[in-house]
Q: 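Below you will find the structure I want to go over with you.
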Amino acid sequence: MERPGRLLLLSELRVRNTAYEVSLSRSLLTWKRRVSSPVYHPFRPSVCHSVSVTEIICVTEEEEENSSKQRDDGSWRKIKEREGKDCRQAFTVFYVERGRNHRWRCVEITFRCPDRAMCQHWVSGIRDQLAAISSRPKQLLVYINPYGGKRQGKRIYEQKVAPLFAQAGISTHVIVTEYANHARDHLRTEAELKRFDGVVCVGGDGMFSEIIHGLIWRTQMDGGVDPNSPEETLLPCSLRIGIIPAGSTDCICFATVGTNDPVTSALHIIVGDSQPMDVCSVHHNNAFLRYSVSLLGYGFYGDVLTDSERKRWMGPARYDFSGLKMFLTHHYYEGTVSYLPAKGIMGTPRDGGRCRSGCVVCQHNGQILTEKADRYEMDKASENESEDEWRTIRGKFLAINAASMSCACPRSPKGLSPSAHLADGTTDLILVRKCSRFNFLRHLIRHTSKDDQFDLGFVEVHRVCRFRFMPRHCQSDSDLELDLQENSKRQIFSQICRDHPACGCTPIYSSWNCDGEILNHTAIDVRVHCQLIKLFARGIEEMSGRRWCFRLKSFQVSGT
């Protein structure tokens, strides 16, 4: 609670003809209904509302004529009475209100003042506090994908988002993309980034991927960093990124806000929230391939994406069809996984902890890994020491997944790795070894249940900061060469008919699913870059039951 001495304004104002004691401090705007009777009523709740100043959208001054609602019967006396009355001044505060399922909405409340001077005093007082919030954006660069999802991106922005930005006094420069990678190319070469406080994408995960590829590449070029070198420590991007969900899949938005609601995302941008996020760089033979922020999947998820791309005419149903098809074919792949375990950090992939707003694990681990990166830059000898810490696993795998976040979505509320964190500088490496179809089905079902995802003998998970994968057909190990010679006949037939699963031959390699895009190479080197980007988001908030009960009780009493 704020101490009375720290209050900036304190007045008795009216809301719907009811007297309220309204106070403004540097952090809270509070209005409490005044008790008209001195008699104590134990069963009458005292209605008190408060909103954080940081969650006030704007304040507007209004004039309300007290007699305007009276019926004009044309009589001379009524006209003279209205002329003799002054206009009562009022101001309206627009602020954020939380709803169910992490949704936000913009609501308003109007306070009536006894005179014009007091009204202006309150309006200027609130505006001064809003102007002092340096984290709020004033200029935004907006990219709209008109073709993504159900082709509703432009309509969603114009009808739901643009009015909120205008209301909050945010100016925007809008670009409607015309072709694939239009936003990426524009950010790399043409965009005047110094003019803006952030970049907003209206679309799905593919559009977000374009934005981060353009923004990260531009940041490295401006800073003289070679993005093609996997040993380089990338420079963090200074501009925050906002996501207005309007795609067929909005995994990133769901994982960082908790809902795929455009209004909620717009309000997070307006209040200037900031959520750091890790980014994985993917290389092949010292050549940059892509960046990843959610899932890298080889085997099952790579096959599902590859097969679904051939069936785009089916629409969203192609993912279900391809998923069932790949489950029935039951392909496994041989190779070697080498990884560098994350040491000296908080949390494990199976600790049951969730990454939420203000996550302590992300703050702690991010600071530790940043210090390690600084020491690495100062002392290159640490590279030789780290080589001794690498661990290697060889085998036959149905799936190899690297989850940099929980990858939760409406279909899988817990995601592939429920305890993965957004900004701790690690990724959860999940290895699913060859097993029966029944056991693999058990593993897939656990993505939608409350059971431990990794409590299966053929599944193992490691929290890593870097890993490499080498498929069997690219290896030169003597043992593997001997296996190839012994099974040469089988390999020849596999090469001939690997594109025809009906023949029973298992293909020798799969494809990598990198955030919904297929990689051209299977042998990759993946490195996690801690908190490389920042989003206009807060993380998923957890509201206690007591707070919800208080809010619902207040709504019922006030009738709002």
Q: Using side-chain heavy atoms (C-beta onward) and a distance below 4.5 Å, is Val53 in contact with Arg26?
A: no
Q: Would Glu55 and Arg98 pass as an ion pair if we require N to O under 4.0 Å?
A: yes
Q: Any side-chain heavy atom of His421 sitting closer than 4.5 Å to one from Arg463?
A: yes
Q: Please answer whether the main-chain N or O of Leu235 pairs with a side-chain N or O of Gln220 as donor and acceptor at a distance below 3.5 Å.
A: yes
Q: Any side-chain heavy atom of Ile56 sitting closer than 4.5 Å to one from Val51?
A: yes
Q: Kindly indicate whether the side chain of Cys113, heavy atoms from C-beta on, has any atom under 4.5 Å from the side chain of Leu13.
A: yes
Q: So, Arg446 and Asp452, do they make that salt bridge, N to O below 4.0 Å?
A: no
Q: Judged by atom type as modelled, is there a donor-acceptor pair below 3.5 Å linking the side chain of Asp515 to the main-chain atoms of Leu296?
A: no
Q: Using distance alone, with no hydrogens and no angle criterion, decide if Glu541 and Ser357 have a side-chain donor and acceptor under 3.5 Å apart.
A: no
Q: Taking atom types as modelled and ignoring hydrogens, do the side chains of Ser209 and Arg290 form a donor-acceptor contact shorter than 3.5 angstrom?
A: yes
Q: Can any side-chain N or O of His213 pair as donor or acceptor with the backbone N or O of Tyr291 at less than 3.5 Å?
A: yes
Q: Do the side chains of Arg136 and Ile133 get nearer than 4.5 Å, heavy atoms only?
A: yes
Q: I want to check something: taking the side chain as every heavy atom from C-beta on, are Met118 and Glu12 in contact at a cut-off of under 4.5 Å?
A: no
Q: Just wondering, do Val293 and Ser404 contact through their side chains at under 4.5 Å, heavy atoms?
A: no
Q: Indicate whether any N or O donor in one side chain lies under 3.5 Å from an N or O acceptor in the other, for Thr256 and Gln275.
A: no
Q: For Ser419 versus Asp351, what's the shortest heavy-atom pair and its separation?
A: OG-OD1, 3.4 Å
Q: Give, for atom CG of Leu187 and atom CZ of Arg218, the distance between the pair rounded to the nearest 0.5 Å.
A: 8.0 Å
Q: Looking only at heavy atoms, which two atoms of Ala90 and Thr110 are closest? And how far apart?
A: CB-CG2, 3.9 Å
Q: Does a side-chain N-to-carboxylate-O contact under 4.0 Å join Glu97 and Arg105?
A: yes
Q: Applying salt bridge (Lys or Arg N to Asp or Glu O under 4.0 Å) as the test, list every pair that has at least one member in residues 257-282; sequence neighbours left out.
A: Arg103-Asp261, Asp273-Arg538
Q: Just verifying a value: how many Å separate Arg14 CZ and Tyr20 OH, rounded to the nearest 0.5 Å?
A: 10.5 Å
Q: Taking Ser406 for its side chain and Ser417 for its backbone only, find out whether a donor-acceptor pair lies under 3.5 Å.
A: no
Q: Are Glu158 and Arg155 ion-paired here, with the side-chain N under 4.0 Å from a carboxylate O?
A: no
Q: Give the ring-plane orientation class for Trp31 versus His49, where under 30° counts as parallel, over 60° as perpendicular and anything between as tilted.
A: parallel
Q: Just wondering, do Pro418 and Arg354 contact through their side chains at under 4.5 Å, heavy atoms?
A: yes
Q: Treating Thr177 as the side-chain partner and Tyr179 as the backbone partner, does any N or O pair qualify as donor plus acceptor under 3.5 Å?
A: no
Q: Do side-chain atoms of Gln531 reach the backbone of Ala423 as a donor and acceptor pair under 3.5 angstrom?
A: yes
Q: Could you check whether the rings of Phe91 and Trp122 sit parallel, tilted or perpendicular, using 30° and 60° as the cut-offs?
A: parallel
Q: Where do Trp104 and Val263 land on the side-chain contact (heavy atoms from CB on, under 4.5 Å) test, with the steps shown first?
A: CA-CA 7 Å; Trp104 286 10; Val263 173; over 6 Å; no
Q: Do you know which two heavy atoms are closest between Thr448 and Ile445, and how far apart they sit?
A: OG1-O, 2.8 Å
Q: Tell me whether the count of non-hydrogen atoms from other residues, nucleotides or ligands lying under 6.0 Å of CZ in Phe94 goes above 12.
A: yes
Q: Could you name each residue pair satisfying ring-ring contact (aromatic ring centres under 6.0 Å, His included) that touches residues 149-171, not counting sequence neighbours?
A: none
Q: Nearest 0.5 Å, what's the CG-CG distance between Leu193 and Asp222?
A: 7.5 Å
Q: Are side-chain N/O atoms of Thr264 and His102 paired as donor and acceptor at under 3.5 Å?
A: no
Q: Counting N and O atoms only, with roles assigned by atom type, does the side chain of Glu210 sit under 3.5 Å from a partner on the main chain of Ala183, one being a donor and the other an acceptor?
A: yes
Q: Rounded to the nearest 0.5 Å, what separation is found between the CG atom of Leu140 and the OG atom of Ser171?
A: 7.5 Å
Q: Would Val200 and Ile241 satisfy side-chain contact (heavy atoms from CB on, under 4.5 Å), going step by step from the backbone distance to the final call?
A: CA-CA 6 Å; Val200 176; Ile241 303 172; over 6 Å; no
Q: Begin from the C-alpha positions of Val59 and Thr92 and carry the test side-chain contact (heavy atoms from CB on, under 4.5 Å) through to its verdict.
A: CA-CA 6 Å; Val59 57; Thr92 300; over 6 Å; no
Q: For the residue pair Arg112 and Asn17, what are the closest heavy atoms and their distance?
A: NH1-N, 4.2 Å
Q: Rounded to the nearest 0.5 Å, how far apart are NE2 of His364 and CG of Asp424?
A: 11.5 Å
Q: Please evaluate residues Glu542 and Arg356 with respect to the criterion salt bridge (charged side-chain N to carboxylate O under 4.0 Å, His left out), reporting the C-alpha separation (whole Å), side-chain torsions for both, the decisive distance (0.1 Å), and the verdict.
A: CA-CA 7 Å; Glu542 285 187 329; Arg356 292 294 183 257; 3.5 Å; yes
Q: Mind checking ring-ring contact (aromatic ring centres under 6.0 Å, His included) for Tyr143 and listing every partner two or more places apart, or none if nothing turns up?
A: His186
Q: Any donor-acceptor pair under 3.5 Å linking the side chain of Ser124 with the backbone of His121?
A: yes
Q: Please report the closest heavy-atom contact between Ala537 and Val257, naming both atoms and the distance.
A: CB-CG2, 4.1 Å
Q: Which residue, Ile170, Val174, Val161, forms the side-chain contact (heavy atoms from CB on, under 4.5 Å) with Val142?
A: Val174
Q: How many angstroms lie between atom CG of Asn513 and atom CG of Leu305, to the nearest 0.5 angstrom?
A: 4.5 Å
Q: Starting from the C-alpha separation in whole Å, work towards a yes-or-no answer on side-chain contact (heavy atoms from CB on, under 4.5 Å) for Leu239 and Asp197.
A: CA-CA 6 Å; Leu239 294 183; Asp197 303 312; 5.6 Å; no
Q: Donor-acceptor pair, distance only, cut-off 3.5 Å: does the side chain of Arg184 make one with the backbone of Met207?
A: no
Q: How close do Ala402 and Thr427 get, heavy atom to heavy atom, and via which atoms?
A: C-OG1, 3.6 Å
Q: Using only atom types and a distance under 3.5 Å, with no angle test, would you say the side chain of Arg240 pairs donor to acceptor with the backbone of Lys534?
A: no
Q: Please check if atom CD in Glu192 has more than 12 non-hydrogen atoms from other residues, nucleotides or ligands closer than 6.0 Å.
A: no
